[in-house]
Amino acid sequence: MSRPTHDPTPYNTIILAITACLLWSTAFVGVKIGLRYSTPLSFAGTRFMLAGLLLTPLWVSQANIFSLIRHDIKIILLLALFQTFLLYGLFYIGITMLSGALAAIIIGASPLTSALTAHFFLANEPMTRSKTMSLGVGVIGVCFISISRLPWASPEGLREFCGIILLLLSTVFSAYGNILIIKRKSKLGSIPLNSLQIFIGGLLLFIVSIPLEGMPTIDIPWLYY
């Protein structure tokens, strides 16, 4: 008789992960308010450039930091592309097509895309029976929500369906970015790596927003700030 294996994941890691999910979920309210006064790509670019800059004092004085950046510039740029530029570009455009509650439900499917992506790109992530059943339920749920928008019946339904597709694509890019972090071990710490990649990704979003959305205005109500 085989004994059940003990889960080696420390409890503090689980608590930190849950806390991160709770904090990230509150961003939906801020994003929906901000998008009333700003275009999606410009808003996303501004947000992540500021976030990257706010983290800079926490790492810029570390020893040999610039040589470490040169060594890991490839992973920094890849993460900036997948985990900020593509992920949040699609996310911010998609969320303008949906209500905040519906967007939160679709983004809640990110464990589904993460598990599938990990199975195909990581050798130690087999697809077990329990995983397959859970993922099957998740796929059915997403399909049910997508079909319930009746995309064939009205322009509004088609718009919401497109928003769902964009948000699902954003979760795929997010999952692939996580895999890049696992497969390409960086010598940088998590704070400088995250700070640099979100600033660069935000800068790319802001640059792209100018020809697509026009120059942003600073005459915006205080609620936006």
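Counting begins at 1 with the first residue of the sequence.
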[X]-[Y] co-clustered via ILVMFWY side chain contacts under 4.5 Å:
| X | Y | answer |
| --- | --- | --- |
| I210 | I207 | yes |
| L23 | I191 | no |
| I73 | L55 | yes |
| L54 | V60 | no |
| V31 | L50 | no |

So, using side chain to side chain donor-acceptor pair (under 3.5 Å) as the criterion, who are the partners of [X] when residues are at least two apart?
| X | answer |
| --- | --- |
| T171 | T113 |
| T96 | none |
| E213 | T39 |

Hey, are the side chains of [X] and [Y] touching, using non-hydrogen atoms and a 4.5 Å cut-off?
| X | Y | answer |
| --- | --- | --- |
| L168 | V172 | no |
| I65 | P192 | yes |
| L90 | L167 | no |
| P216 | T46 | no |

Do you know which two heavy atoms are closest between [X] and [Y], and how far apart they sit?
| X | Y | result |
| --- | --- | --- |
| M49 | F199 | O-CD1, 3.5 Å |
| G202 | T84 | N-CG2, 3.7 Å |
| P57 | L53 | CD-O, 3.5 Å |
| S195 | G52 | OG-O, 2.7 Å |
| K32 | L98 | NZ-O, 2.7 Å |
| S209 | L41 | CB-CB, 3.6 Å |

For S170, does its backbone N or O pair with a side-chain atom of S174 as donor and acceptor, under 3.5 Å?
no
Distance (rounded to the nearest 0.5 Å) between [X] [atom1] and [Y] [atom2]:
| X | Y | atom1 | atom2 | value |
| --- | --- | --- | --- | --- |
| L169 | L86 | CG | CG | 10.0 Å |
| I198 | I76 | CD1 | CD1 | 12.5 Å |
| I33 | S38 | CD1 | OG | 13.5 Å |
| F85 | L203 | CZ | CG | 10.5 Å |

Which pairs pass side chain to side chain donor-acceptor pair (under 3.5 Å) with one or both residues in residues 62-78, sequence neighbours excluded?
D72-S186
Qualifying residues under side chain to side chain contact (heavy atoms under 4.5 Å, CB included), relative to [X], sequence neighbours excluded:
| X | answer |
| --- | --- |
| L180 | I75, L78, L79, F82, Y176, R184 |
| L22 | I18 |
| S190 | none |
| M97 | I93, R159, C162, L166 |

Considering only residues two or more places apart or on different chains, which pairs with a residue in residues 31-59 satisfy ring pair (Phe, Tyr, Trp, His ring centres under 6.0 Å)?
F43-Y92, F43-Y224, F48-Y88
Short side-chain donor-acceptor distance under 3.5 Å, N194 and Q83
no
